[in-house]
Amino acid sequence: MPELPEVETIANGVNARVQEHRIVSVWTSGKPQTFKSPESEIAEALTGATIDSVRRVGKTIVMTVTPGGPSFPASSDRVGLVPGAATSSRKPAPPAIPTEFLIHLGMTGRLLVSQPEVPPPPHTHAVLTLDDGREIRFVDPRRFGRLSIHHAQSPQPVTDNLQPGTSYTGPGREPLTISLEDFVTLFKGRKTPIKAALLNQSLLHGVGNIYADEALFRAGIRPRRQAARVTRAELTRLRAALQAVLRRAIKLGGSSVSDYVDAEGMRGYFQIEHKVYGRRGEPCLTCGTPIQKIALAGRGTHFCPTCQK
DNA sequence: CGTCCCACCTGATTGC
DNA sequence: TGCAATCAGGTGGGAC
C-alpha cells in the first residue's frame, strides 16, 4: 500500500499523537511471518518504554523509544497511572539505551492510534497500549508488513549506510535529499530498466510503483529505458520530477487508491493528481494519447507513449 | 554481484 | 447472480 508520502504522513500523524507517552503493555498476534524479530524481543524492548519520536526512513516507520522495562522497576506500583509520577527517586536511572521499533507496512499495513473502546479491526497483529489507555495498532490483512527491533547501540557491521552504534538509516538513499551528483551515480552501468532501478530500495528507498510511474511521466522518460542509457539531462529532470511529486503528495496526505488511511483514518488526496497511474486507456492529460499499461519488473506500469521517450 | 521471477497473503474487482 | 481468475501501493530468496 504505502510509499514514501503515505509512510511519512502516517509517521508524522502517529508521532504527534504518541510522542512522550509510555507503553504500558504489548500484545502480538503470533503470526510468525509478521515478526522479523522474535515477539518476545519486541515485547521486552517496548514494554515500559517511553516513545521519543516516530519518523520515516525510506518506507519504514521508525519508533525510537527509551527503555524503561521491567528490568528495574520490579513491578512496584501498578496503580500510579499518572505519567511522570514519582518513579522512586532512589537511584538515578541507568543510562537509557535508545531502541528503535521498525514498522514496515508492506502492501496493506496500517498503523492506527485508537481509543480502547473502538473494536480492533480484523488482522490486527500488534497492539501497544499507552499510559492513557489509547492503543497503537498494527493491522495488516495480507501480512506483507514486518515488525522488528533495531538496537541503535548494538554492534553493527560497518557498511556504507550502517555505522556501528548509529540509528537505522535504511537500505538506500533518501530521494528527497540526495544530491544530483549522487543521483546520477546511482544509475551508472545499470542495465536494468530505469523504472526497476527507481523501485530498487537499496539504491533509492521510499519510491514505489505509483511515484515511479508519475515521476517518469513528468520527466518524459519511458519506464523501459535502460538506466545506464538515460542521459544526464534526463536524470536531472527525473530527480526534480521525483522530488516534486513526492513533496506534493506529502502535502496532500499521500494517495488513497483503495482504502489507505492515515493514523486518524483520513484519506490522502494525491490520487486526484495522478497523471498516469491507474489511467490505462484514458487520454494523456498533455497530448490526449491513451495511457498504456504494461508489465515491467512484475509491476503494472503506466506511461504515455507520446510524451515519454 | 546484477538481474529476473516467484512466493508470500487476503480481499476486491473483473470476466465468463 | 455466481464463481473463478486476476490484480493490488512491497519485499526477499533462489536461480541463473
Side-chain angles (χ1 to χ4, degrees), chain A residues 1-11 29-37 56-61 102-111 121-125 138-148 159-160 168 170-172 175 185-217 223-229 242 245-246 249-250 252-262 267-281 293-302:
Chain A
M1 155 169 80
E3 306 180 33
L4 186 153
E6 293 76 36
V7 177
E8 174 116 358
T9 301
I10 292 164
S29 65
K31 294 284 184 187
Q33 195 191 197
T34 299
F35 302 94
K36 217 168 146 187
S37 302
R56 175 196 65 76
V57 175
K59 294 176 192 170
T60 300
I61 297 169
L102 306 188
I103 302 145
H104 196 293
L105 299 173
M107 292 273 265
T108 54
R110 294 161 66 172
L111 194 66
H123 308 292
T124 296
H125 293 114
F138 174 70
V139 180
D140 183 16
R142 274 177 89 178
R143 279 185 268 144
F144 288 175
R146 294 292 180 268
L147 304 180
S148 63
T159 70
D160 288 345
Y168 179 76
T185 303
L186 289 180
F187 303 101
K188 286 205 169 126
R190 306 218 166 246
K191 294 198 294 184
T192 197
I194 184 67
K195 175 170 176 185
L198 285 175
L199 294 177
N200 182 341
Q201 300 295 298
S202 62
L203 268 38
L204 290 172
H205 58 201
V207 181
N209 205 36
I210 294 177
Y211 298 101
D213 281 3
E214 293 296 319
L216 286 167
F217 172 78
R224 281 204 263 234
R225 290 269 303 282
Q226 226 181 60
R229 294 195 179 163
L242 181 61
V245 158
L246 293 173
I250 289 169
L252 294 189
S255 299
S256 290
V257 320
S258 59
D259 61 349
Y260 156 74
V261 289
D262 70 11
R267 292 170 57 84
Y269 291 95
F270 186 72
Q271 66 280 7
I272 294 168
E273 299 189 12
H274 289 178
K275 296 195 179 197
V276 287
Y277 184 83
R279 298 195 63 243
R280 166 174 47 182
K293 182 178 180 186
I294 60 172
L296 193 162
R299 321 300 305 280
T301 297
H302 312 72

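Chain identifiers are assigned alphabetically (A, B, ...) following the order of the sequence lines, protein sequences preceding nucleic acid strands; residue numbering begins at 1 within each chain.
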Roughly how many Å is it from [atom1] in [X] to [atom2] in [N], rounded to a whole number?
X	N	atom1	atom2	value
A:Arg143	C:dG12	CZ	C1'	17 Å
A:Arg142	B:dC8	CZ	C1'	9 Å
A:Leu186	B:dG2	CG	C1'	15 Å
A:Lys31	B:dT10	NZ	P	7 Å
A:Ile61	C:dG10	CD1	C1'	14 Å
A:Asn200	C:dT11	CG	C1'	11 Å
A:Glu8	C:dG9	CD	P	21 Å
A:Phe270	C:dG9	CZ	P	16 Å

Is there a donor in the side chain of A:Thr301 and an acceptor in the side chain of A:Lys195, or the other way round, less than 3.5 Å apart?
-> yes
Those residues of residues 293-301 of chain A lying under 4.0 Å from DNA chain B by at least one heavy atom | none
Residues forming a side chain to side chain contact (heavy atoms under 4.5 Å, CB included) with [X], sequence neighbours excluded:
X	answer
A:Lys36	A:Arg146, A:Ser148
A:Phe144	A:Met107, A:Arg142
A:Arg225	A:Ile194, A:Ile221, A:Arg222, A:Val230, A:Glu234

Using atom names, set out every protein N or O paired with an N or O of nucleotides 11-16 of chain B below 3.5 Å, distance rounded to 0.1 Å.
from   : atom 1 : to       : atom 2 : distance (Å)
B:dG11 : OP1    : A:His123 : NE2    : 2.7

For C:dG12 and B:dG11, measure between their C1' atoms and round to the nearest Å.
-> 23 Å
When the P atoms of B:dA12 and C:dT11 are considered, how many whole Å apart are they?
-> 23 Å
Listed nucleotide nearest any side-chain atom of [X], set [options]:
X	options	value
A:Phe144	B:dT10, C:dG9, B:dC8	B:dC8
A:Tyr277	B:dC4, C:dA8, B:dC9	C:dA8
A:Glu6	C:dG9, C:dT11, B:dC9	C:dG9

Side chain to side chain contact (heavy atoms under 4.5 Å, CB included) assessment of A:Leu204 paired with A:Leu242 = CA-CA 11 Å; A:Leu204 290 172; A:Leu242 181 61; 3.9 Å; yes
At under 4.0 Å between heavy atoms, what does A:Arg146 touch on the DNA or RNA strands: base, sugar-phosphate, or nothing?
-> nothing
With a non-hydrogen cut-off below 4.0 angstrom, is A:Lys36 in contact with a base, only sugar-phosphate, or nothing?
-> sugar-phosphate
Stems with DNA chain B, 3 or more Watson-Crick or G-U pairs in a row (under 3.5 Å), are B:2-8 with C:10-16, B:10-16 with C:2-8
Below 4.0 Å: OP1/OP2 of [N] and any side-chain N or O of [X]:
X	N	answer
A:His104	C:dG10	no
A:Lys59	C:dG10	yes
A:Thr192	B:dC4	yes
A:Gln201	C:dG10	no

Which residues pass the ring pair (Phe, Tyr, Trp, His ring centres under 6.0 Å) test with A:Phe187, sequence neighbours left out?
-> A:Phe183
Who pairs with A:Tyr211 by ring pair (Phe, Tyr, Trp, His ring centres under 6.0 Å), at least two apart in sequence or on another chain?
-> A:Phe270
State which residues pass side-chain hydrogen bond (donor to acceptor under 3.5 Å, both in side chains) with [X]; sequence neighbours excluded, sorted by chain then number.
X	value
A:Asp140	A:Thr108
A:Arg299	none
A:His123	none
A:Lys59	none

Any idea which heavy atoms bring A:Ile10 and A:Leu105 closest together, and the distance?
-> CD1-CD1, 3.7 Å
Check whether any side-chain heavy atom of A:Thr124 lies under 4.5 Å from a side-chain heavy atom of A:Phe138, and answer yes or no.
-> no
